[in-house]
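Structure, as structure tokens:
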Amino acid sequence: MPRSLVALALCLLPSAAVSQTVPPTPNDDDVPRPVPVEMTLAGSDRPDIARFLNVRSAGSPSLSPDGRRLAFSTSITGRPQLWVVDAAGGWPRQLTFGESVTYHRWSPAGDWILYAADRGGDEREGYWLISPDGTRERELLAPSDAFRSFGAFTADGGAIVYATTERNGVDFDIHMLDVARGEAREVFQGRMGLYPESFRPDGGAIVLTESRGEDANDLYLYDVAAERLDTLFAAAEPEARNAYGSTAWLPDGSGFYVVTDHGRDHAGLALYDVASRTLEWVVDDPRDVDVAGLSGDGRYLFWTVNDGGWSEVHVRDLETGADVGAPDALPRGVVGGRWADEAPVLALRVSGPGLPGDIWSWDVAGGSVHRSTSSSMAGLDPARMVVPEPVSFPARDGLTLHGLLYLPTNVPDGERPPVLLGVHGGPTAQARPGFNPAHQYLLTRGIAVLDLNYRGSTGFGKDFARANDGRRREVEYLDMADAVDWLATDGRVDADRAAVMGGSYGGYLTMAAVTRLPDRFRAGVAFVGVSNWVTALEGASPALKASDRIEYGDIDDPDDRAFFTRISPLSFVDGDEAPVMVLHGANDPRDPVEESDQFVRAIRERGGEVEYLRFPDEGHGIRQLDNRLVAYRRIADFLERRLEVRRRPVSEER
């Protein structure tokens with residue numbers, strides 16, 4: 001991978017004599033070692049970080065066709081694995097025991113559950129089938145050097161469709177695989193960023209989606225027998241692009257429901273008629289519709305609306321036209337859902353500040369609701385978790401920024417707490433009020449948190465999500481400065497004691513903050529971030545490259561290349577940046593680990609303060625519990641020292 005910017009940066013280093021005193025990067029001290037698990041007593045007013053990291057959650061619900069059993073993922077063993085439980089609740093059964101499970105889906109035939117796993121976070125998945133009782137297992141596709149993206153089962157469970165880069169390592173071709181025979185064949189030679197989404201109910205056609213930047217896509221219908229690709233939606237100009245997701249076919253195949261921002265700023269829910277090629281709006285809300293789904297018999301339509309980050313759950317009986325009220329037993333939070341294939345049963349996954357993530361099953365026709373999973377809070381009291389306050393404030397150019405403000409309850413009288421600015425990844429993502437173990441831990445230590453939705457975040461309309469595209473990205477880092485300035489004016493926190501933490505794109509913003517805004521931040525914690533946009537865009541995985549040219553620019557263009565060199569955090573390392581902790585998985589295919597290597601190396605060679613945790617068995621994030629324990633112990637200690645945390649005595653905290 002080229003390192004032109006790195007070579008330029010090295011030319012600007014101090015003398016060779018100074019450089020020789022600095023150990024190489026990476027070195028053995030950068031590889032974290034496991035630590036003993038030390039746990040405070042349950043109910044402690046100052047629970048250890050290990051308590052928060054041992055909080056469990058259940059996710060990715062997939063019901064059996066009859067809606068009676070539920071497959072889900074949980075990291076209760078230390079890494080994500082596949083489990084099955086009765087939808088009405090009960091004792092779950094663990095099915096997988098190896099590498100982290102990254103995806104699963106119950107076959108419509110009911111006899112198998114498909115799951116995917118990669119190798120140490122490299123995102124190059126293999127596919128397996130396992131019986132619902134866990135006693136039989138088949139390999140469908142072994143892991144390889146190819147990236148794959150699972151699409152769907154046919155309605156009878158006889159075949160699957162997926163995309164793969166195995167032909168040339170870059171383009172995603174569409175393959176179908178006969179489940180009984182285990183034989184795969186290419187049905188369409190694709191291109192970068194092309195993926196299957198769903199089958200038409202008769203299995204004769206496939207909905208394909210092609211990335212158009214990170215927040216938009218084009219939509220196609222591919223007739224397998226006729227080998228014909230029909231364009232359903234494709235923007236003529238990048239500025240006019242739209243998003244289309246959650247396609248849910250009518251049982252007769254005449255059309256499908258789709259969540260889309262077609263021709264509008266916020267996403268709504270529409271019905272697309274294939275014959276007339278028309279969209280009919282079903283849900284026209286000034287807020288974003290997040291997800292949608294249709295019951296297998298076509299009677300019940302489900303969708304959620306994003307209300308300031310919280311989810312509103314809606315179900316409509318299409319036979320009567322009446323809306324079915326969400327059950328009172330369903331807690332408030334961030335919600336996703338999936339129908340059983342053959343029954344009007346909906347699995348709803350809910351997370352919130354005091355709910356790390358559990359699944360409820362709702363028989364919409366019968367009205368019964370069951371909590372299918374009950375994850376452990378590891379001795380923590382959910383009632384003591386802090387619920388955020390939504391806030392909005394102006395950026396210096398007049399754009400309204402948003403965030404969720406969490407305030408600790410144990411600050412000494414007459415004092416204001418220090419604050420952590422959280423910056424999410426994406427950038428097309430949103431800070432939402434789910435359970436964040438690191439944030440909730442820091443709150444018990446007397447540190448406030450502002451989870452920032454900077455320009456480019458989703459949930460506030462298409463225009464806001466694109467406010468950092470291309471050359472507009474140059475001023476995006478200033479949103480962090482404006483957030484700290486607003487906190488100072490608001491007065492509830494001590495904005496002179498501020499730190500910043502983020503992962504992936506948020507890791508890039510953290511690197512930008514400590515190098516370009518050292519007067520605003522006392523410290524930063526950067527996970528899997530980008531330090532040099534030129535090398536990052538050149539080394540990104542094929543899935544990311546497919547959207548990068550619209551979201552960012554073309555680094556083969558000299559002007560764009562110069563622009564990305566100019567805004568890269570590596571260009572601002574001078575030894576005077578704020579102290580920073582950097583974390584990265586060596587197997588990361590999205591933001592290669594060299595991004596952190598070169599950033600840490602440059603800081604060390606200029607005499608700056610940096611701590612580095614380089615995990616050899618992780619990818620784009622930290623999945624494994626033993627690694628998370630090492631990472632967050634170090635993070636907690638780093639932030640508490642840098643922010644000079646002061647708390648009330650334990651005896652006064654209740």
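Please read all numbers here as calculations on a predicted model, not as lab measurements. All values below come from the heavy atoms of this structure, side chains included, with hydrogens, waters and symmetry mates left out.
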(message) If I compare all heavy atoms of Leu70 with all of Pro61, which pair ends up nearest, and what's the gap?
(response) CD1-CB, 3.7 Å

(message) Assess whether a salt bridge exists between Arg264 and Asp284, defined as any Lys/Arg side-chain N lying under 4.0 Å from an Asp/Glu carboxylate O.
(response) yes

(message) Ring of Tyr220, cation from Arg191 - is the NZ or CZ under 6.0 Å from the centre and inside 45° of the axis?
(response) yes

(message) Assess, by modelled atom type and distance only, whether the side chains of Ser504 and His620 contain a donor and an acceptor separated by less than 3.5 Å.
(response) yes

(message) Using a strict threshold of under 4.0 Å (side-chain N to carboxylate O), is an ion pair present between Asp86 and Arg93?
(response) no

(request) For Thr96 and Gln81, test the side chains for any donor-to-acceptor distance below 3.5 angstrom and give the result as yes or no. (result) yes

(message) Quick check: do Tyr244 and Asn242 have side-chain heavy atoms less than 4.5 Å from each other?
(response) yes

(request) With rounding to the nearest 0.5 Å, note down the distance linking CG in Leu177 to OG1 in Thr164. (result) 11.5 Å

(request) Flag the pair Arg432 / Asp290 as yes when at least one side-chain heavy-atom distance between them is below 4.5 Å, and no otherwise. (result) yes

(message) If we ignore hydrogens and angles and just use 3.5 Å, is the side chain of Ser107 paired with the main-chain N or O of Asp111 as donor and acceptor?
(response) no

Per-pair distances, 0.1 Å, donor-acceptor, side chain in residues 116-123, under 3.5 Å, sequence neighbours excluded:
{"residue": "Asp118", "atom": "OD1", "partner": "Gly121", "partner atom": "N", "Å": "3.4"}
{"residue": "Asp118", "atom": "OD1", "partner": "Arg623", "partner atom": "NH1", "Å": "2.9"}
{"residue": "Asp118", "atom": "OD2", "partner": "Glu123", "partner atom": "N", "Å": "3.0"}
{"residue": "Asp118", "atom": "OD2", "partner": "Arg623", "partner atom": "NH2", "Å": "2.9"}
{"residue": "Arg119", "atom": "NH2", "partner": "Ser144", "partner atom": "O", "Å": "2.7"}
{"residue": "Asp122", "atom": "OD1", "partner": "Arg119", "partner atom": "N", "Å": "3.2"}
{"residue": "Asp122", "atom": "OD1", "partner": "Arg124", "partner atom": "N", "Å": "3.1"}
{"residue": "Glu123", "atom": "OE1", "partner": "Arg590", "partner atom": "NE", "Å": "3.1"}
{"residue": "Glu123", "atom": "OE2", "partner": "Arg590", "partner atom": "NE", "Å": "2.8"}
{"residue": "Glu123", "atom": "OE2", "partner": "Arg590", "partner atom": "NH2", "Å": "3.4"}

(message) Once side chain to side chain donor-acceptor pair (under 3.5 Å) is applied, what residue pairs with a partner in residues 221-237 remain, sequence neighbours excluded?
(response) Asp230-Arg277

(message) So that I know where these two stand, are Phe72 and His104 an aromatic pair - ring centroids less than 6.0 Å apart?
(response) no

(message) What I want to find out is whether Asp358 reaches Arg371 closely enough, with some N-O distance under 4.0 Å, to be called a salt bridge.
(response) yes

(request) Only counting residues at least two apart or in another chain, list the ones meeting side-chain hydrogen bond (donor to acceptor under 3.5 Å, both in side chains) with Asp617. (result) Asn627

(message) Side chains of His314 and Thr304: any donor to acceptor distance under 3.5 Å?
(response) no

(message) Looking at every heavy atom in both Arg473 and Phe563, which two are closest together, and how far apart are they?
(response) CB-CZ, 4.4 Å

(request) Compute whether any side-chain donor of one residue and acceptor of the other, for Thr458 and Gln430, lie under 3.5 angstrom apart. (result) no

(message) Do the side chains of Asp297 and Arg299 get close enough for a salt bridge, i.e. N-O under 4.0 angstrom?
(response) no

(message) Assess, by modelled atom type and distance only, whether the side chains of Tyr257 and Glu280 contain a donor and an acceptor separated by less than 3.5 Å.
(response) no

(request) Please tell me if the side chains of Ser211 and Asn217 come closer than 4.5 Å, counting only heavy atoms from C-beta onward. (result) no

(message) Within the 3.5 Å criterion, strictly below it, is a donor on Glu125 or Thr102 matched to an acceptor on the partner's side chain?
(response) yes

(request) Answer yes if the side chains of Thr535 and Glu595 hold a donor-acceptor pair under 3.5 Å, and no otherwise. (result) yes

(message) Would the distance check show the side chain of Ser361 and the main-chain N or O of Ala87 forming a donor-acceptor pair, the cut-off being under 3.5 Å?
(response) yes

